[in-house]
**Student:** 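Okay, handing you the structure first.
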Amino acid sequence: MVIADHPITAKAHTNIALVKYWGKLDNELIIPQNDSLSITLDEFYTQTSVEFLPDLAADEVVFDGEKLSADSSVKVRTFLNLVRNLANIDDRAKVVTQNFVPTAAGLASSASGFAALAGAASKAAGLNLNRRDLSRLARRGSGSATRSIFGGFVAWQQGHNDATSFAYPIDEQPTWDIAVVALVLTAKQKKVSSRVGMRLAVETSPFYSAWVAASRADFETVKTAIQNQDFDLLGHTSEQNAMRMHALTLSSDPTFTYFNADSIKAMNMVKDLRLQGIPCYFTMDAGPNVKIICQGADAKRIAAHFQTVFGKDQVLITRPGAGISISD
Ligand code: DP6
C-alpha cells in the first residue's frame, strides 16, 4: 500500500431516496433498519480532494473556500481516522471540498459529501477499494452516502454487519426518461438533523415497526416498477413511502415536522397537477424542500408551473446522474 504523492480528487452526486432510510439498527456502524432505494441526481454534487502529508500537524479541512475549525470538522476528522486505521497510516490530511449546487440552497447533502470523501481519502491513503467496499466506507460517514457511490437507480442492502451493508446498482443508466424537479423552499439549516430525527423515531414512535414493514414492501414494489419502467407505480409508491416516513416525525416524542407552509402548498399543487392528468409525485427528505418525480417530457412545464408560485431560481430540473469518479 503506497500513499499517493499528490492530491486525489473525487466527485460524487447526491441522491434522493424513493424508499427512505429512517432509523438505524447499529448507530456506530450505521446499519439501517430497512433496505432503501434512490436516484442519483446529475445537478448536485460534491468535489473533494485529499492528500495525506507527513509534515502536517493536524487534519486541515477547507469547505467551500472556508477553513473549518476543529469543532466543525469533527465528523470529517473521525472519518479520516477510519481511513487511516484501514490503511495503517498516521499522516494527517489536507481536505479541500466544494459543493456544487446551482443556488446556495440547502440541497447539498451529507450523501455526496461523504461519498466524495470516501473516494478521495481511501485512494489518497493507498487503499484500492472496489465500489462495493467504497459504499461500505461511505456508509460510516453518513447512511445516505452509501448509495451515492453508484449512478442512476441504486439500492442499499440493509445487511446485518459492516461486511453485508452496502449499496448496489439497480439501473445505472436508465433508458426511460425520468426527471426530478427540485423546489428550493428554504435554504435554512434544518432544526432536527436526520441523525437525531431518526433516532427519536426508533426510540419513541409507536408506529416504528409498521414503518419498517411498509418500507420492506415499498422496496420490492419500487424495484419491480423500475424493472417494468412503470412510472405511476414508482411515483405512487415513492410518495406513499415519503409520507410514511414523515408520519414518524409527527408520532415521535417530542413531536416535530420537516414540513413548512410552502411544503404543504407544493404537495397540494402536485396533487392538483395529477388531477389535471399530468403524472407527477412528490417526495421530501429531512427538510422542507419538495422534490417532484416526473417524466422527462413533462419536466419543463411542471417546473414553469412551480416557478410562477415559488420564483424562477427556486425550481431546478435534475435527471439521473453518474456514480462516483476518482482521479488517478
Ligand atoms: C431522509 O444519511 O443524513 O434523507 O446516516 O445519520 O448521517 P445519517 O443520516 P442521513 O439520513 C438520510 C435520511 C433521508 C432518507 C434517505 O436518504 O434515505
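First listed ligand is number 1; within each ligand, the first listed atom is number 1. Starting from 1, each residue takes its place in the sequence as its number. Atom set for the values below is all heavy atoms of this structure, side chains included, hydrogens, waters and symmetry mates excluded.
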**Student:** For ligand 1, which is the ligand I care about here, please tell me if K24 has any N or O atom under 3.5 Å from one of the ligand's N or O atoms.
**Tutor:** yes
**Student:** Taking a cutoff of less than 4.0 Å between a non-hydrogen atom of the residue and any ligand atom, is M245 in contact with ligand 1?
**Tutor:** yes
**Student:** Looking only at non-hydrogen atoms, which of S194, P32, A286 approaches atom 3 (O) of ligand 1 most closely?
**Tutor:** S194
**Student:** In terms of atom number and element, which parts of ligand 1 are under 4.0 angstrom from non-hydrogen atoms of D285?
**Tutor:** 1 (C), 4 (O), 14 (C), 15 (C)
**Student:** Between T9, L117, I8, which is the residue that forms a side-chain contact (heavy atoms from CB on, under 4.5 Å) with V50?
**Tutor:** L117
**Student:** Should you measure from each heavy atom of A17, which atoms of ligand 1 turn up under 4.0 Å away?
**Tutor:** 16 (C), 17 (O), 18 (O)
**Student:** Are any of the side-chain nitrogens in K123 or D328 under 4.0 Å away from the carboxylate oxygens of its partner?
**Tutor:**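 D328 and K123: salt-bridged.
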**Student:** Given D218, which partner from the list N34, N241, T237 fulfils the side chain to side chain donor-acceptor pair (under 3.5 Å) test?
**Tutor:** N241
**Student:** Look only at interatomic distance and state if R147 has a nitrogen or oxygen under 3.5 Å from any nitrogen or oxygen of ligand 1.
**Tutor:** yes
**Student:** Numbering the atoms of ligand 1 from 1, which are under 4.0 Å from a heavy atom of G143?
**Tutor:**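 Near G143, meaning under 4.0 Å from one of its heavy atoms, ligand 1 has 2 (O), 5 (O), 7 (O), 8 (P).
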**Student:** Which atoms of ligand 1 are found less than 4.0 Å from any heavy atom of M198?
**Tutor:**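 Per the distance check, 9 (O), 11 (O).
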**Student:** What do the steps show when you test F306 against V290 for side chain to side chain contact (heavy atoms under 4.5 Å, CB included), and what is the final call?
**Tutor:** CA-CA 11 Å; F306 283 91; V290 173; over 6 Å; no
**Student:** Name the one of E239, K291, K20 that satisfies side chain to side chain donor-acceptor pair (under 3.5 Å) with T283?
**Tutor:** K20
**Student:** N/O to N/O below 3.5 Å, does that happen between Y21 and ligand 1?
**Tutor:**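 Yes, Y21 has an N/O under 3.5 Å of an N/O on ligand 1.
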**Student:** Would you please test D232 and Y281 for side-chain hydrogen bond (donor to acceptor under 3.5 Å, both in side chains) and show each step?
**Tutor:** CA-CA 9 Å; D232 282 309; Y281 299 87; 2.6 Å; yes
**Student:** With a 4.5 Å cut-off on side-chain heavy atoms, are T255 and L250 touching?
**Tutor:** no
**Student:** Considering both backbone and side-chain atoms of S36, is one of its nitrogen or oxygen atoms within less than 3.5 Å of a nitrogen or oxygen in ligand 1?
**Tutor:**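 For ligand 1, there is no N or O atom that lies under 3.5 Å from one belonging to S36.
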**Student:** Between S144 and ligand 1, which part of the residue brings a heavy atom under 4.0 Å of the ligand: side chain, backbone, both or neither?
**Tutor:** both
**Student:** Provide the number and element of each atom of ligand 1 under 4.0 Å from a heavy atom of W22.
**Tutor:** 1 (C), 13 (C)
**Student:** Could you go through the salt bridge (charged side-chain N to carboxylate O under 4.0 Å, His left out) check for D59 and R84 one step at a time?
**Tutor:** CA-CA 12 Å; D59 290 323; R84 276 188 280 263; 2.7 Å; yes
**Student:** For ligand 1, indicate whether the residue S142 contacts it via side chain, backbone, both or neither (heavy-atom separation under 4.0 Å).
**Tutor:**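 Within the 4.0 Å criterion, S142 contacts ligand 1 through backbone and side-chain atoms alike.
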**Student:** When clusters are formed from ILVMFWY side-chain contacts under 4.5 Å, directly or step by step, what else is grouped with L275?
**Tutor:**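 Grouped by the 4.5 Å side-chain rule, L275 forms a cluster of one, so the answer is none.
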**Student:** Only heavy atoms of S110, strictly under 4.0 Å: list the atoms of ligand 1 that pass.
**Tutor:** 3 (O)
